[in-house]
Asker: 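Right, I'll just put the structure down here and ask away after.
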Amino acid sequence: MESAATPADLTLGIEGMTCASCSARVERALRRQTGVLEATVNLATERAHVRYVPTTVDLQTLLDAVADAGYAARPLEQEGDGGAHRQGALRALGRDVLLAAGLALPILALAMGSAFVPAWQRMLDRTSPVAHFWEWVQMVLATVVLFGPGRRFFRPGLIAYRHASPDMNSLVATGTGAAWGYSALVLLAPGWIPPDARHVYFDSAAVVVAAVLAGKYLEELAKGRSSAAIRELAGLQAKTARRLDTDGTEQELPIARLQVGDRVVVRPGERMPVDGRVAAGRAHVNESMLTGEPLPVAKESGDRVVAGTVNQDGRLIVEATSVGRSTVLAQIINLVESAQTGKLPIQGVADRVVGVFTPAVILIALTAFAFWLAVAGNVSIALVAAVSVLVVACPCAMGLATPAAIMVGTGRAAELGVLFRKGEALETLSKIDTVLFDKTGTLTQGRPALVATAGPASEEALRLAAALESASEHPLGRAILAAARERGLAIQPVDDFRAVAGHGIAGHVAGRPVRVGTQRFLEQEGVATAALAGGAAALEGAGRTVVYVASDSTAIGLLAIADPVKPEAHAVVRALQRDGVAVAMVTGDARGTAEAIAAQLGIDVVHAEVLPQDKAGVVAELQRAGRRVAFVGDGINDAPALARADVGIALATGTDIAIEAADVTLTRGQLSEVVTALTAARRTLANIRGNLFWAFFYNILLIPIAAGVAAPLGVRMNPMLAGVAMGLSSIFVLSNSLRLKRLQAFRVERA
């Protein structure tokens with residue numbers, strides 16, 4: 001029973017939203033349903049993410065709730081779903097734009113032609129079979145525009161009024177409807193209108209609908225560009241796979257039908273359809289979509305492969321370990337979509353403004369109408385002012401200011417290897433003033449390596465130690481053996497091998513007794529080490545682990561082993577410090593080793609000898625001191641600290657992505673991506689602030705002008721110009737957001 005009540009997540013595609021009021025209404029309609037725990041609606045992606053209890057509320061109830069609010073909803077079944085539907089909707093919108101424009105132009109010519117060609121009106125009068133014939137033609141054409149292409153505004157606009165929460169659709173429908181209704185009244189019942197006010201505004205009504213639709217079409221094109229990251233990621237997914245049946249036959253089938261344990265054949269040039277292990281074959285696989293590395297990786301039996309990577313030159317048989325939504329690629333797409341659907345705290349400002357904005361605009365429009373009717377005594381002037389206010393005040397620019405920037409910023413960050421698990425992490429990361437780095441595997445390579453040798457016969461010491469270590473399984477021994485092989489040293493066989501746990505190893509190499517281990521071990525074996533003690537102290541002071549090597553009871557050399565610092569670590573630390581971010585290290589290593597590494601990197605604050613479970617305490621202590629802390633770790637051993645930090649940043653590679661528990665995941669595992677993530681967050685937030693400023697500034701400036709405040713100076717705005725200005729404001733916000741596509745990864749300059 002408990003599992004049946006487990007919350008479920010659902011993503012819905014929402015049709016018909018045009019402004020922030022629309023998304024807010026859909027959000028309220030979903031949240032009002034019993035059993036809905038959380039609902040977030042994103043205007044830019046036209047999606048709703050719903051977390052609900054399936055035993056309390058079902059899918060149909062949620063769809064009906066959206067329909068009652070005046071919009072259409074459909075479930076999105078898989079990652080990247082809805083692309084074809086959006087393209088179809090875009091084509092339909094394009095047809096409406098062409099129809100509206102095609103009819104509005106002759107209306108405009110009939111109404112305004114005489115202003116440009118004086119003989120135009122005389123020609124119309126001569127060809128008119130009855131009085132006001134061409135005005136009746138305008139009415140017919142405008143009616144087709146308003147109730148054909150313009151139906152997009154009228155139905156949801158009226159529903160919004162019914163719910164007492166008017167929106168952009170309401171504004172456009174009210175403005176154009178008022179212009180059309182007044183003009184129709186002039187033709188149908190002229191006696192009701194004073195002679196000097198008998199003017200028709202069919203041109204204003206038709207052109208406003210055409211202009212708003214054209215602006216909406218350009219918005220949709222820009223949205224398509226800004227959501228390109230999702231489409232590109234979805235394009236990496238294989239559509240079909242060749243399953244290898246038990247009798248050895250191959251069967252091509254959709255990837256949705258694959259199951260864990262199935263074996264699939266991947267030929268040269270094909271993408272991996274699943275995450276899995278190579279069961280047979282050998283090939284080079286291009287994994288650049290995950291690692292960012294252009295060089296292909298050799299794969300053979302037992303190696304792991306990831307869905308979306310490309311087999312370049314061999315036939316592989318892969319046994320599936322993850323399929324469908326469980327693959328790494330699906331997880332990445334899901335993370336990007338989740339981040340783009342999320343809301344930032346800064347969005348709350350726009351939401352609160354939009355909540356009172358539309359009713360205020362309607363009040364201003366009514367006030368302007370009443371004022372000009374009383375002052376000028378002219379219904380036409382009053383109507384033009386009211387309609388202009390309603391049209392120019394459309395809040396779609398405010399509604400798009402935040403989600404458009406989030407969509408572009410997180411999408412571009414994903415292309416650069418930075419995955420934001422939720423949009424909120426963007427804003428939080430942009431305010432970070434302290435970065436805590438784990439040491440092992442984060443600032444360092446995470447694997448021991450020979451970094452120095454010393455002593456009277458250091459090369460011979462390495463050769464003999466490597467021979468002895470070839471019989472050992474110790475991690476430090478593998479580092480010594482790897483270094484010897486890199487230098488091309490011959491590895492001779494070992495006799496009489498013995499190991500003393502925690503101290504060292506001994507044996508015979510080509511008949512010579514050899515001992516490798518700690519200073520104490522060699523002294524217990526009767527070997528004098530005083531001649532090498534000075535060199536050993538210097539190496540240990542630099543944070544190295546020192547191994548003594550003796551041959552024939554004589555100490556002949558020292559081998560210094562360390563976990564090397566990543567090549568880009570110093571540049572990353574310097575870049576963060578230049579950006580005003582305090583940098584500290586936290587590690588479980590001994591203080592001497594930790595401080596030596598910190599000194600190399602220019603890190604002044606070191607928290608050493610800290611157990612994994614206590615790293616979260618270090619984060620909490622900094623937070624209590626008023627710091628905003630980001631923790632950077634490997635995402636597995638550092639899970640408590642990642643969760644406790646204001647922003648957890650996990651370095652991951654390949655299949656680690658799906659299991660990381662951080663707010664931000666660096667998919668290529670490169671330390672430089674920490675700076676890229678911080679830059680992306682700060683640039684995106686700056687972009688959002690710019691969008692909101694211009695959206696608010698636009699309305700503050702143009703609404704009074706539309707209402708006629710500047711009329712005494714000879715400056716007036718008609719509904720047509722208002723419609724164009726409204727569309728341009730949204731295009732400006734989207735274009736400004738698209739500048740984030742130019743965001744570049746942080747590059748480390750190497751000598």
Side-chain angles (χ1 to χ4, degrees), residues 9 11 42 45 47 49 79-80 226-237 275 287-293 306-309 322 325-342 344 403 405-430 432 435 442 630-636 638-639 642-643 645-685 740-741 743-746:
D9 292 293
T11 301
N42 186 297
T45 60
R47 292 176 181 230
H49 179 76
E79 295 82 4
S226 61
S227 61
I230 292 289
R231 292 199 308 277
E232 289 171 5
L233 288 169
L236 298 176
Q237 293 176 309
D275 292 354
E287 296 185 329
S288 59
M289 70 98 172
L290 279 177
T291 64
E293 295 296 329
V306 179
T309 56
S322 297
R325 289 178 176 268
S326 300
T327 64
V328 170
L329 180 58
Q331 294 281 345
I332 291 175
I333 295 173
N334 184 58
L335 288 175
V336 176
E337 289 187 338
S338 296
Q340 292 186 344
T341 305
L344 274 63
I406 295 175
M407 185 159 59
V408 181
T410 57
R412 178 56 181 161
E415 293 172 3
L416 300 177
V418 179
L419 287 182
F420 288 91
R421 288 183 173 270
K422 49 188 178 180
E424 294 91 326
L426 268 173
E427 184 165 352
T428 308
L429 183 58
S430 72
I432 289 299
V435 174
T442 302
F631 185 91
V632 185
D634 63 13
I636 300 172
D638 300 316
L642 288 166
D646 295 286
V647 178
I649 303 176
L651 275 73
T653 54
T655 54
D656 290 337
I657 295 168
I659 61 173
E660 295 295 351
D663 302 302
V664 182
T665 301
L666 310 182
T667 62
R668 297 168 186 169
Q670 297 175 2
L671 199 60
S672 59
E673 291 166 2
V674 174
V675 182
T676 302
L678 183 62
T679 302
R682 289 181 171 179
R683 287 272 303 277
T684 302
L685 260 292
L740 292 170
K741 295 285 284 183
L743 182 70
Q744 297 297 316
F746 174 71

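Small disclaimer: the values here were computed from a predicted structure and weren't measured.
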Asker: Under 3.5 Å, is there a donor-acceptor pair between the side chain of D646 and the main chain of A630?
Answerer: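 A pair under 3.5 Å: no.
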Asker: From Q744 CD over to T679 OG1, what is the distance, rounded to the nearest 0.5 angstrom?
Answerer: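 Result: 11.0 Å between the selected atoms.
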Asker: Does a side-chain heavy-atom distance below 4.5 Å link T442 with L671?
Answerer: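 SC-SC contact between T442 and L671 confirmed.
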Asker: Do you know which two heavy atoms are closest between A681 and L426, and how far apart they sit?
Answerer: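 Scanning both residues, the minimum pair turns out to be CB-O, 3.3 Å.
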Asker: Quick one: side-chain contact (heavy atoms from CB on, under 4.5 Å) partners of T676, sequence neighbours excluded?
Answerer: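 Once residues adjacent in sequence are excluded, the partners of T676 under the side-chain contact (heavy atoms from CB on, under 4.5 Å) criterion are L416, V418, A745, F746.
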Asker: Measure the spacing between CG of L678 and CZ of R683 and express it to the nearest 0.5 Å.
Answerer: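 Going from the CG atom of L678 to the CZ atom of R683 covers 12.0 Å.
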Asker: Can you check whether I649 reaches L429 side chain to side chain, under 4.5 Å on heavy atoms?
Answerer: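 The answer is yes, as the side chains (C-beta and beyond) meet within the 4.5 Å cut-off.
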Asker: How far apart are the closest heavy atoms of F420 and A677, and which atoms are they?
Answerer: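 In this case the closest contact between F420 and A677 is CZ-O, 3.8 Å.
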Asker: Any idea which heavy atoms bring V664 and A425 closest together, and the distance?
Answerer: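 Residues V664 and A425, closest heavy atoms: CG2-CB, 4.4 Å.
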Asker: For V435 versus I432, what's the shortest heavy-atom pair and its separation?
Answerer: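 In terms of heavy atoms, the two residues are closest at CG2-CG2, 4.2 Å.
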Asker: Report yes if the side chains of L740 and R412 come closer than 4.5 Å at any heavy-atom pair, otherwise no.
Answerer: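 L740 vs R412: side chains apart.
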Asker: Exactly one of L685, V647, T684 should register a side chain to side chain contact (heavy atoms under 4.5 Å, CB included) with E427. Which one does?
Answerer: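 Looking at L685, V647, T684, the match for E427 under the side chain to side chain contact (heavy atoms under 4.5 Å, CB included) is L685.
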Asker: Quick one: CG on L651 to CG on L666, what's the gap to the nearest 0.5 Å?
Answerer: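 Result: 5.0 Å between the selected atoms.
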